[in-house]
Chemist: 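The structure is given below, and queries will be raised subsequently.
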Amino acid sequence: MTRSALEIVTLYNLEIWNKGRIELVPELCADPMIRYDANSVAVLGIEEQIARIRHNYEDLRPTFEPVVLAGDDEYVTLVWNVTGRDPNWKWCGIEVFRVVDGKIAEVWNGPYVDGRWVRGGTLSVGIDGAAAADVPVMSADFEGSASRLVAPLETGTIALWLTGAFGAPAIDDREKRFQWTSTPPRLDLCHSEPGRPPRRLSGAAISSLEIRWARSGLTNVSVALEGTASDSAALPSPAPSRPGVRLAECTGNFQPGTGTDAWVVGASVLLDPSARRASGEVTLRFPAAIDPLSLCGTGSLAFGWHHQGRSLRFETAAAHLAEPTGAFTHAVDIEATFQWDAGDIAAILAGETSWIANGDG
């Protein structure tokens, strides 16, 4: 039976590469095979192809996972993720195969990148055994005991991630205030994406949470978690996700112990719940008459993101700024970027009364 081009490329990746079945190379690959990279071409005979595959298989033990595999009778496009013997080695790439007379004759390679292609999917999260809720997610990678996810910074769900980092907030009719005052809860998470079984993370603790201002305006929350990952059924009966507002614009100010205040035009925050500390980067704008070095040291820092009357801001009276890593003159002002760290910090969610009262965000 004649194999299709799609079947040939599938066997090439799942049998030759994933299982090391190099005896299939003469059956599936042309002699020679031409491989194209940017600005280079390699013409490989069968023995050269076998040597290349054998070396990489024995050294890396790669396992390719197709993300997209599609084509016609001649050309097949493969978007792949690969992991290997080293759990920290995760690459992704795109290749286009040309199949002629039942064998792979040509391959075009895009640059290989450290990371994974993701397709978003759906994420359900439960806190301390409470009913799960579906929340938006950009990507999730639940592997072993250390897992990561990226979610949009939006008011509908940011309180969930802050609760996981700080513990339950103090609430009044205007805001929710998070501080290092209570024990963070355990989370149960389940991520599902097309073509893969659901991955569940049980009894998870947030080991770090990072928000980094993006000039594109699409600010995200990056969360690192520790827990037990497994292939499992989804969490039971998740509630619908709550509508939220995407937070984008970043503002704030820094007040040094002495001298003139500076305005925040960009910032990031990395929360470390186990150490109960925060750190990050802040870009300040201030009059050109001020020496950037005069802002180094300890002062009061407040910054955050807002949109449509809702906001998330971080406040600390004891942020320590290191020497600036870069500065440039902007009209009559100077912009400079500083690394900062602090122990005592608060995160404040604020918005319309109805939003706070209903618990959204």
Side-chain angles (χ1 to χ4, degrees), residues 3 5-71 75-99 103-119 121 139-150 191 193-197 199 201 222 224-231:
R3 295 184 179 122
L6 200 63
E7 290 173 322
I8 290 167
V9 173
T10 299
L11 289 171
Y12 176 76
N13 281 273
L14 301 187
E15 295 295 323
I16 291 179
W17 277 104
N18 285 9
K19 298 180 181 179
R21 296 187 61 191
I22 57 175
E23 72 273 11
L24 293 178
V25 171
E27 183 180 334
L28 300 175
C29 301
D31 186 6
M33 175 196 287
I34 304 174
R35 300 186 64 88
Y36 302 92
D37 291 284
N39 303 314
S40 69
V41 178
V43 180
L44 304 177
I46 290 295
E47 293 304 318
E48 292 171 302
Q49 295 175 51
I50 290 174
R52 172 179 174 269
I53 294 168
R54 177 184 284 122
H55 171 76
N56 285 289
Y57 181 79
E58 293 176 352
D59 186 44
L60 301 172
R61 290 301 168 96
T63 299
F64 284 86
E65 174 195 336
V67 178
V68 176
L69 181 60
Y75 291 94
V76 175
T77 298
L78 173 64
V79 179
W80 50 261
N81 292 320
V82 65
T83 55
R85 189 199 309 269
D86 179 354
N88 296 313
W89 181 71
K90 296 180 181 181
W91 272 20
C92 59
I94 299 175
E95 295 181 83
V96 178
F97 297 80
R98 182 178 179 227
V99 177
K103 296 185 178 183
I104 298 170
E106 297 177 276
V107 186
W108 287 262
N109 297 285
Y112 301 155
V113 178
D114 186 14
R116 286 178 59 84
W117 297 112
V118 295
R119 291 167 42 168
S139 67
D141 185 6
F142 295 167
E143 299 292 343
S145 61
S147 301
R148 288 190 165 274
L149 64 86
V150 177
H191 181 244
E193 60 180 308
R196 300 187 71 192
R199 291 289 287 167
L201 195 65
S222 298
L225 307 110
E226 296 177 351
T228 303
S230 62
D231 292 333

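Heavy atoms only: backbone and side chains are in, while hydrogens, waters and symmetry mates are out. Remember, it's a predicted structure, so these values are computed and weren't measured experimentally.
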Chemist: Which distance, rounded to the nearest 0.5 Å, do you find between the CZ of Phe64 and the CG of Asn81?
Modeler: 10.0 Å

Chemist: Going by an N to O cut-off under 4.0 Å, is there a salt bridge joining Lys90 and Asp141?
Modeler: yes

Chemist: For side chain to side chain contact (heavy atoms under 4.5 Å, CB included), just list the numbers for Cys29 and Tyr12, CA-CA rounded to whole Å, side-chain angles, deciding distance to a tenth of an Å, and then say yes or no.
Modeler: CA-CA 8 Å; Cys29 301; Tyr12 176 76; 3.6 Å; yes

Chemist: What are the two closest heavy atoms between Gly20 and Tyr57, and how far apart are they?
Modeler: N-CE1, 3.4 Å

Chemist: Pairing donors with acceptors under 3.5 angstrom, does anything connect the side chains of Glu65 and Trp80?
Modeler: no

Chemist: List the atom of Leu201, the atom of Ser147, and the distance in Å for their closest heavy-atom pair.
Modeler: CD1-OG, 3.6 Å

Chemist: State whether the number of non-hydrogen atoms from other residues, nucleotides or ligands found under 6.0 Å of Arg148 atom CZ is greater than 12.
Modeler: no

Chemist: Can you confirm whether Trp89 sits close enough to Pro62 that some side-chain heavy atom of one is under 4.5 Å from a side-chain heavy atom of the other?
Modeler: yes

Chemist: Which pair of heavy atoms, one from Val107 and one from Phe97, lies closest together, and at what distance?
Modeler: CG2-CD2, 3.7 Å

Chemist: Of all heavy-atom pairs between Trp17 and Asn13, which one has the smallest distance, and what is that distance?
Modeler: CB-O, 3.3 Å

Chemist: If you round to the nearest 0.5 Å, how far is CG of Leu149 from OG of Ser222?
Modeler: 8.0 Å

Chemist: Check whether any side-chain heavy atom of Ile104 sits under 4.5 Å from a side-chain heavy atom of Met33, and report yes or no.
Modeler: yes

Chemist: To the nearest 0.5 angstrom, please state how far the OG1 atom of Thr63 sits from the CZ atom of Arg85.
Modeler: 11.0 Å

Chemist: Regarding Arg35 and Glu48, does a basic nitrogen lie under 4.0 Å from an acidic carboxylate oxygen?
Modeler: no

Chemist: Using residues 37-46 as the side-chain source, report each donor-acceptor pair under 3.5 Å to any protein atom, sequence neighbours left out, with the distance given to one decimal.
Modeler:
none

Chemist: For a quick test of reading the model, state the closest non-hydrogen atom pair linking Leu78 to Pro66 and the distance between them.
Modeler: CD1-CB, 3.9 Å

Chemist: May I ask you to decide if Ile22's main-chain N or O and Gln49's side chain share a donor-acceptor pair within less than 3.5 Å?
Modeler: no

Chemist: Using modelled atom types and a 3.5 Å cut-off, is there a donor and acceptor pairing between side-chain atoms of Arg199 and backbone atoms of Ala140?
Modeler: no

Chemist: Go through it in stages, so that I can follow the logic: the residues are Asn109 and Tyr36, the test is side chain to side chain contact (heavy atoms under 4.5 Å, CB included), and I'd like the CA-CA distance, side-chain angles, deciding distance and then a yes or no.
Modeler: CA-CA 6 Å; Asn109 297 285; Tyr36 302 92; 5.9 Å; no

Chemist: Output the distance between atom OG1 (Thr10) and atom CZ (Arg3), rounded to the nearest 0.5 Å.
Modeler: 11.0 Å

Chemist: To the nearest 0.5 Å, tell me how far Arg61 CZ sits from Asn56 CG.
Modeler: 12.0 Å

Chemist: Which residues satisfy the side chain to side chain contact (heavy atoms under 4.5 Å, CB included) test with Glu15, sequence neighbours excluded?
Modeler: Leu11, Lys19, Arg21, Leu24

Chemist: Rounded to the nearest 0.5 Å, how far does CD of Glu23 lie from CD1 of Ile16?
Modeler: 8.0 Å

Chemist: Can you sort out the partners of Val96 under side chain to side chain contact (heavy atoms under 4.5 Å, CB included), two or more places apart, ordered by chain and number?
Modeler: Tyr75, Thr77, Trp108

Chemist: Which heavy atom of Ala30 sits nearest a heavy atom of Ala105, and at what distance?
Modeler: CB-CA, 3.9 Å

